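From a predicted model like this one, the values you see are computed outputs, not experimental measurements. Atoms within each ligand, like the ligands themselves, are counted from 1 in listed order.
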Amino acid sequence: MKPSPTFRAPGRVNLIGGQVDYHEGWVVSLAIDRDVRVRATARADARVIARSAAFDGAVDIAADGSDDPPATRPDWGRAIAGVTRVLAELGRAPVGVELAISSNVPVGAGLSSSAAVEVACALALSDVAGFALNGGELARGAQRAEHLATGVPCGIQDQMTSVCGRAGHAMFLDCRMLEVEHLPLPPELSVLVVHSGVPRTLEGSPYAQRRAESEAVAARLGLRVLRDATPDQVREIPRGRHAVTEMERVHAFAEALRGRDLDALGPLMLASHASSRDDMEVSIPELDALVECLVEAGAYGARLTGAGFGGCVVALGPVQSTGAIADRATEQYRARTGLEPTAWVVRGSAGANRSG
Ligand code: GLA
């Protein structure tokens, strides 16, 4: 018998560009070397059956996408039902499939574990049915699946990064044009992700509210999105000021990576964190403390990553001392907050693919 193919999709870390993807802005992100894997076996009936190594129970839904995603049980199956429905709407034939899902992307950390599940399952379901999507379609499909499944109005950066990553590279992503520029990560630089020990899920966070507040600024200015706002228009409006200055920082960060100007990266990350904290109000004291501990320990810069309100901070540092920086920072943070942080060094990885 032919072995069942496996599909993988990585998590991601946003290096800079917070709360701007839904304004069709620019971000610099990194597909990381932690991923979701899905083994897919075709079934003779028209059912999609999914099992997860991390969760109990099996999801059993119609392959034609007729099951309502938010009503799907167990809970983790909502994403599978979302993907199944979106693909059916795009024209996938209702071919049955058995999905065996495993993941080493931390959940509730801001590393896009759910986008990775959706991208990997979308690839698996498409492949089994001989249905082909290009990268942009796959990312948009996975994003829509998340909207359908959880109601969280996420932007496009998580899915695009998971689909389009390249090993050893960060990605400069234009969220309007869905254009990607791969930027080599200098070998002397390492990327450290530290979980604050404060869990959060997007669903339970004020993410949707912040997004609505930020979109209200665009509406007030007569714009569809803040990508089209000028600095003068938002100077006195904190939510708008965050978006516009953050997009400027993203451009400066990408330019610094292109020119290997490592000294410029840290201050841009710190300015991004300050703006996320003060103007966008998506930080919490624990994330602020963790950023401070990392910088005191020798990181070039650090900022909250993902939606905020908990989860992870990302830091850049010199490759030869990352271990020492992580040790010092986590020790300090533990002493200051009583929380238990977890640190990982991550590397740029390839985007989603079929691996067997
Ligand atoms: C979450 C969303 C993304 C993005 C970030 C904030 O991770 O899924 O689309 O909006 O928050 O930058």
For the residue pair S272 / E246, report whether a side-chain donor-acceptor contact shorter than 3.5 Å exists.
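A donor-acceptor contact under 3.5 Å links the two side chains.
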Would E331 and R328 pass as an ion pair if we require N to O under 4.0 Å?
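Salt bridge between E331 and R328, a charged N being under 4.0 Å from a carboxylate O: no.
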Could you list the donor-acceptor pairs under 3.5 angstrom formed between side-chain atoms of residues 187-194 and any protein atom two or more places apart in sequence or on another chain?
{"from": "S190", "atom 1": "OG", "to": "T322", "atom 2": "OG1", "distance (Å)": "2.5"}

Any atoms of ligand 1 less than 4.0 Å from a non-hydrogen atom of [X]? List them with their elements.
X	result
Q157	4 (C), 5 (C), 12 (O)
Y22	10 (O)
G306	6 (C), 11 (O)

Got a list of side-chain donor-acceptor pairs under 3.5 Å for residues 94-107, not counting sequence neighbours?
{"from": "E98", "atom 1": "OE1", "to": "R43", "atom 2": "NH1", "distance (Å)": "2.7"}
{"from": "E98", "atom 1": "OE2", "to": "R51", "atom 2": "NH1", "distance (Å)": "2.9"}
{"from": "S103", "atom 1": "OG", "to": "V105", "atom 2": "N", "distance (Å)": "3.1"}
{"from": "N104", "atom 1": "OD1", "to": "D35", "atom 2": "N", "distance (Å)": "2.8"}

Search all heavy atoms of R224 against all heavy atoms of R176 and return the closest pair with its distance.
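The pair with the smallest heavy-atom distance is NH2-NH2, 3.9 Å.
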Are any of the N/O atoms in G18 less than 3.5 Å from those in ligand 1?
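So ligand 1 has no N or O lying under 3.5 Å from an N or O of G18.
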If you have a sec, work out which protein heavy atom is nearest [atom] and how many Å separate them, to one decimal?
atom	value
atom 8 (O) of ligand 1	D158 OD2, 2.6 Å
atom 12 (O) of ligand 1	Q19 N, 2.7 Å
atom 9 (O) of ligand 1	D21 OD2, 2.6 Å

Are V36 and F55 connected in a single hydrophobic cluster, I mean Ile/Leu/Val/Met/Phe/Trp/Tyr linked by side-chain heavy atoms less than 4.5 Å apart?
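Both belong to a single hydrophobic cluster.
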Mind checking whether R12 has a heavy atom under 4.0 Å from ligand 1?
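Yes, R12 has a heavy atom closer than 4.0 Å to ligand 1.
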